Amino acid sequence: MTRISFDTETYQIQSGQPFPRLVCLTWVEDGGDPQGLSLKEGAVEMFESWLDAGHTLVSHNGAGFDLGVMVAAGVTHSKVWAALKEGRIKDTWIQSQMQAIARDELKFNPRLKKRPTFSLAELELDLLGVEREGKKGPDVWRLRYHELEGVPFHQYPQAAKDYALADAVGTDRVYLALDDEPADTGLKILSQYSLALTSARGMVCDLEAVETLEKSLRAEVTEAKEKLKAAGLLKKSGSKDMAAIYSRVRAAFEAQGKDAPQTAKQREAGSDKTKADTETLRESDDPMLGLLADISNSDKLLSTYVPLLKSGTAGPLHPRYYLAETGRTTCRNPNVQNQPRKGGVRECFVPRQGWWYLAADYHVAELASLAQVLLDLFGHSEMAEAVKRGEDLHILAAAQMLNLDYKEAYRRHKAGDKQLKDTRQLMKALNFGLPGGLGPQTFVTYANTSWGLDIDFDQAKSLKDAWLGWWPEMRLYFDEIGRRVELGGGRFTATQHRSGRQRGGLTYCNGCNTYFQGLTADGARLALASVTEECFVKTDSPLYGCRPVAFIHDEIMLECPADLTKARAAAKRLTEVMVRDMQVFTPDVPSKADAHLMERWYKGAEPTFDEDGGLVPWRPKDQEPFTAPAQ
DNA sequence: ACGCGATGCGCC
DNA sequence: AAAGGGCGCATCGCGT
């Protein structure tokens with residue numbers, strides 16, 4: 001088996017061109033002398049010959065960049081996918097991070113004594129003890145390779161040659177110095193490539209919608225800010241005067257004969273500071289602090305989200321996806337995984353002209369994964385049984401709570417019974433919150449801030465007891481995690497049940513969480529990869545021609561041609577693939593995924609059908625329902 | 001000017 | 001015995 005470590009040099013990355021034009025390709029074959037070839041000399045053909053020959057290709061962040069560059073330069077896409085699926089594409093960037101996660105060194109590397117960046121130079125230092133040359137050295141060429149367009153590689157200035165070859169050599173050495181390939185590396189690389197394509201496509205925003213949103217938010221905030229300035233809570237510049245806010249909070253609580261709330265760290269430090277979140281501000285009963293709380297939501301939208309929406313009107317946004325410790329992805333620049341559901345932010349995102357959004361998400365993904373984990377560990381799970389019976393876990397819990405049988409509870413819920421609706425909401429809070437190890441006190445806060453529920457400590461305590469009675473295997477689960485923490489002397493390393501991926505440094509709560517959150521992440525990642533492949537290279541797939549634009553943990557969002565026949569077939573295929581791939585990881589617990597179509601990104605969108613039962617784009621209530629164009 | 005910790009808040 | 005977890009980003013204030 002031939003191992004080829006390679007690197008590419010390109011034009012500079014520009015907005016709208018995440019995979020810039022290739023200038024040259026450098027490589028090391030089986031640890032031999034480094035070589036280079038410019039585009040004109042046949043870099044693309046050379047790369048393709050490696051794929052044809054079945055070689056193993058190693059690169060540093062190739063899944064996120066270089067592969068995309070090579071495909072953009074003309075390498076046959078289906079050959080890249082074949083190599084990815086056969087595990088012939090290696091990536092030192094991903095592998096080193098997975099190794100760090102397994103050792104709990106993602107946030108802090110004890111040898112480097114800092115948070116690692118996983119740059120090639122850093123890995124060479126950490127793994128090989130090799131110090132790269134200083135900034136004045138060869139890397140002055142890093143952003144200038146476009147100047148060498150058309151120049152044969154052997155005629156490059158020595159420094160340009162050296163820099164380009166050094167990365168291929170470094171990658172090869174780092175690859176050899178890394179420990180054995182962590183389990184699950186293949187899927188990580190495959191899905192990271194899918195995410196790179198998702199990022200490259202990017203998302204577009206609608207100028208008119210953004211301007212309307214900004215105007216209405218500004219109108220809401222401006223007047224209040226003037227009042228707050230007059231009250232001395234904001235400085236003239238408009239920024240918050242935290243010292244003034246703290247003392248006002250303190251005074252307001254003293255007037256009520258109470259201590260002002262503080263964070264744990266503030267209390268520990270004996271600080272004069274107080275909490276200043278919206279809850280504290282509201283509880284102060286001070287009208288000015290209340291006003292501050294009232295505008296906090298709009299202020300957040302204006303400062304965090306509006307600027308990025310604006311930049312999305314000038315050209316596509318290209319959010320980048322990275323690895324999270326659980327196996328999930330993180331997303332940034334911008335983070336499309338935390339766009340507000342309320343307030344009209346999502347509605348600013350629009351599919352390109354002639355396209356619709358097609359989105360599908362899993363039904364109670366994490367609870368189904370939890371059920372699988374429980375089955376794996378204990379051989380039996382009430383939760384798994386309920387999912388297998390096709391029951392709604394929240395209604396089932398509500399039925400237990402109200403001493404009804406499931407069918408009766410289901411009937412009442414369907415009939416719009418208020419008691420059932422409220423109880424189900426409470427059960428959702430329990431079902432989503434408690435598996436992570438949530439205690440009664442934190443549940444009180446969680447239920448209030450996340451679900452708007454008003455519960456006191458004693459209620460929370462008895463609810464948790466009841467919940468543990470309904471899912472008796474959860475007691476075993478918590479005990480088991482506690483035992484693993486103890487055995488590890490305070491921290492332990494978890495191994496994912498099917499992917500074998502490892503995560504180190506776990507304590508109790510993140511330990512409870514990581515197994516099922518990671519399992520959902522595994523299934524969703526595999527589904528994203530399969531869907532992406534069908535979109536790009538499976539010409540006979542109903543998804544062919546669609547393009548993934550966002551990946552939100554348990555949801556895949558595509559742009560698909562705005563054509564009912566195509567969109568319906570794509571929607572059907574999308575959910576089929578998602579369910580199929582999740583089954584690889586939760587084989588004993590059935591999964592479900594639902595797809596919907598949208599003309600923009602709507603928060604409340606759900607599957608919508610016409611009279612004939614065919615899927616149509618969802619529309620908000622204040623618009624005419626979608627009708628199919630006449631034949 | 002920039003980095004960083006603390007805090008708060010957006011989502012799954 | 002008790003314990004939500006996973007994130008990114010903006011802001012403020014402090015330190016270099």
Side-chain angles (χ1 to χ4, degrees), chain A residues 101 106-107 114-115 234-235 237-246 261-266 268-269 271 273-281 292-293 296-308 319-343 345-346 361-362 364-367 369-370 429-443 445-447 449-450 460-461 464 478-479 481-482 485-486 490 494 503 506-518 520-521 524 550-555 603:
Chain A
I101 290 168
L106 191 71
K107 304 251 159 74
K114 67 180 186 79
R115 186 186 183 126
L234 296 186
K235 298 175 186 171
S237 63
S239 63
K240 287 180 188 161
D241 187 338
M242 293 313 291
I245 292 172
Y246 295 142
Q262 287 187 300
T263 66
K265 288 198 174 166
Q266 287 165 348
E268 209 175 301
S271 160
K273 295 179 179 177
T274 67
K275 289 186 79 175
D277 58 352
T278 52
E279 193 195 353
T280 305
L281 297 179
L292 201 55
S296 82
N297 179 261
S298 298
D299 212 28
K300 171 91 175 164
L301 297 188
L302 267 176
S303 57
T304 306
Y305 296 100
V306 166
L308 88 89
R320 300 285 315 188
Y321 294 86
Y322 300 90
L323 309 190
E325 293 193 57
T326 51
R328 272 191 177 187
T329 58
T330 71
C331 178
R332 64 175 94 133
N333 298 328
N335 182 357
V336 293
Q337 294 178 330
N338 75 345
Q339 297 304 303
R341 303 168 63 86
K342 295 178 186 171
V345 170
R346 292 191 179 197
D361 61 348
Y362 290 105
V364 288
E366 285 197 354
L367 284 177
S369 292
L370 173 60
L430 291 171
N431 285 337
F432 288 133
L434 296 185
L438 203 62
Q441 187 53 62
T442 330
F443 182 75
T445 318
Y446 169 77
T449 53
S450 299
K461 206 163 173 341
K464 181 168 180 177
F478 291 142
D479 289 348
I481 301 298
V485 177
E486 215 170 292
R503 178 184 177 195
L506 291 162
T507 52
Y508 179 78
C509 285
N510 53 12
C512 288
N513 195 274
T514 205
Y515 288 99
F516 62 87
Q517 188 175 109
T520 298
F551 180 59
I552 311 176
H553 306 304
D554 63 353
E555 175 180 1
K603 61 180 183 229

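In what follows, chains carry the letters A, B, and so on, assigned in the order in which the sequence lines appear, proteins first and then strands, with residues in each chain numbered from 1. This is a predicted model, so every value here is computed, not measured.
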Exercise. If you pin P307(A) and E486(A) to their nearest nucleotides in DNA chain C, which one's is more 5'?
Worked result: E486(A)

Exercise. Separation of F478(A) atom CZ from dA2(C) atom C1', in whole Å?
Worked result: 11 Å

Exercise. Which whole-number value in Å describes the distance from K273(A) NZ to dG13(C) C1'?
Worked result: 7 Å

Exercise. Who are the salt bridge (Lys or Arg N to Asp or Glu O under 4.0 Å) partners of K107(A), not counting sequence neighbours?
Worked result: E325(A)

For this session: Would you classify S239(A) as touching base, sugar-phosphate or nothing, given that sugar-phosphate means primed atoms plus P, OP1 and OP2, and contacts are heavy atoms under 4.0 Å?
Result: sugar-phosphate

For this session: Using a heavy-atom cut-off of under 4.0 Å over every strand shown, decide if T507(A) touches base, sugar-phosphate, or nothing.
Result: nothing

For this session: Might you work through the side-chain hydrogen bond (donor to acceptor under 3.5 Å, both in side chains) test for T280(A) and D277(A), ending with a clear yes or no?
Result: CA-CA 5 Å; T280(A) 305; D277(A) 58 352; 2.5 Å; yes

For this session: Report the nucleotide, chosen from dA3(C), dG5(C), dC7(C), that has the shortest atom-to-atom distance to any side-chain atom of Q441(A).
Result: dA3(C)

Exercise. In whole Å, what is the span from the CG atom of L301(A) to the C1' atom of dC9(C)?
Worked result: 13 Å

Exercise. Just checking R346(A): base, sugar-phosphate only, or nothing, at a heavy-atom cut-off of under 4.0 Å?
Worked result: sugar-phosphate

Exercise. Looking across every strand, which nucleic acid part, if any, lies under 4.0 Å from K603(A) by heavy atom: base, sugar-phosphate, or nothing?
Worked result: nothing

Exercise. Can you tell me if Q262(A) uses its side chain to pair, donor with acceptor, with the backbone of S271(A) under 3.5 Å?
Worked result: yes

Exercise. Does any N or O donor sit under 3.5 Å from an N or O acceptor when you compare the side chain of E325(A) with the base of dG6(C)?
Worked result: no

For this session: Describe the nucleic acid contact of K265(A) in one word from base, sugar-phosphate, nothing, applying a heavy-atom distance below 4.0 Å.
Result: sugar-phosphate

Problem set entry | Nucleotide dG13(C), atom P - distance to NZ of K235(A) in whole Å | 4 Å

Exercise. When you list every nucleotide of DNA chain B with an atom under 4.0 Å from a heavy atom of chain A, which one comes first 5' to 3', and which comes last?
Worked result: dA6(B) to dC12(B)

Exercise. Across the strands shown, which category fits C331(A) at heavy-atom distances under 4.0 angstrom: base, sugar-phosphate, nothing?
Worked result: sugar-phosphate

Exercise. Base, sugar-phosphate, or nothing for D361(A), non-hydrogen atoms under 4.0 angstrom?
Worked result: nothing

Exercise. Using a cut-off of 4.0 Å on non-hydrogen atoms, how would the nucleic acid contact of A276(A) be classed: base, sugar-phosphate, or nothing?
Worked result: sugar-phosphate

Exercise. Base, sugar-phosphate alone, or nothing: which one does T520(A) contact when heavy atoms must sit under 4.0 Å apart?
Worked result: nothing

Problem set entry | Closest to the N513(A) side chain, choosing from dG6(C), dC9(C), dG5(C) | dG5(C)

Problem set entry | Charged N-O contact under 4.0 Å between R328(A) and E366(A) | yes

Exercise. For K461(A), does the NZ atom sit with more than 12 other heavy atoms under 6.0 Å from it, leaving out its own atoms?
Worked result: no

For this session: Between dG5(C), dC9(C), dG13(C), spot the one nearest the side chain of R332(A), thanks.
Result: dC9(C)

For this session: Ignoring the backbone of K240(A), work out which of dC12(C), dA10(C), dG6(C) is nearest its side chain.
Result: dC12(C)

Exercise. What does K114(A) touch in the nucleic acid at a heavy-atom separation under 4.0 angstrom: a base, only the sugar-phosphate, or nothing?
Worked result: nothing

Exercise. Checking Q339(A) side chain against V345(A) main chain: does a donor-acceptor pair fall under 3.5 Å?
Worked result: no

Exercise. Over how many whole Å does the gap from I101(A) atom CD1 to dG6(C) atom P extend?
Worked result: 11 Å

For this session: Remember a base hit wins even if backbone is also touched, and classify P440(A) as base, sugar-phosphate or nothing at under 4.0 Å, heavy atoms.
Result: sugar-phosphate

For this session: For F443(A), answer base if it contacts any base atom (sugar-phosphate contacts may also be present), sugar-phosphate if it contacts only those atoms, and nothing otherwise; contact means non-hydrogen atoms under 4.0 Å.
Result: nothing

For this session: Send over the distance from L106(A) CG to dG5(C) C1', rounded to a whole Å.
Result: 15 Å

For this session: For the side chain of R503(A), starting at C-beta, report the closest nucleotide among dG6(C), dG8(C), dG5(C).
Result: dG6(C)

For this session: Return no unless some side-chain N or O of N333(A) is found under 4.0 Å from OP1 or OP2 of dC9(C).
Result: yes

Exercise. In whole angstroms, how far is the C1' atom of dT11(C) from the OH atom of Y305(A)?
Worked result: 14 Å

Exercise. What distance separates Q337(A) CD from T330(A) OG1, expressed to the nearest 0.5 Å?
Worked result: 7.0 Å

Exercise. Quick one: are L434(A) and K464(A) in side-chain contact, heavy atoms under 4.5 Å?
Worked result: yes

Problem set entry | Any donor-acceptor N or O pair under 3.5 Å, side chains E279(A), T445(A) | no

Exercise. In whole angstroms, how far is the C1' atom of dG6(C) from the CG atom of N338(A)?
Worked result: 12 Å

For this session: Name the nucleic acid region contacted by E555(A), choosing base, sugar-phosphate or nothing; use a 4.0 angstrom heavy-atom cut-off, strictly under.
Result: nothing

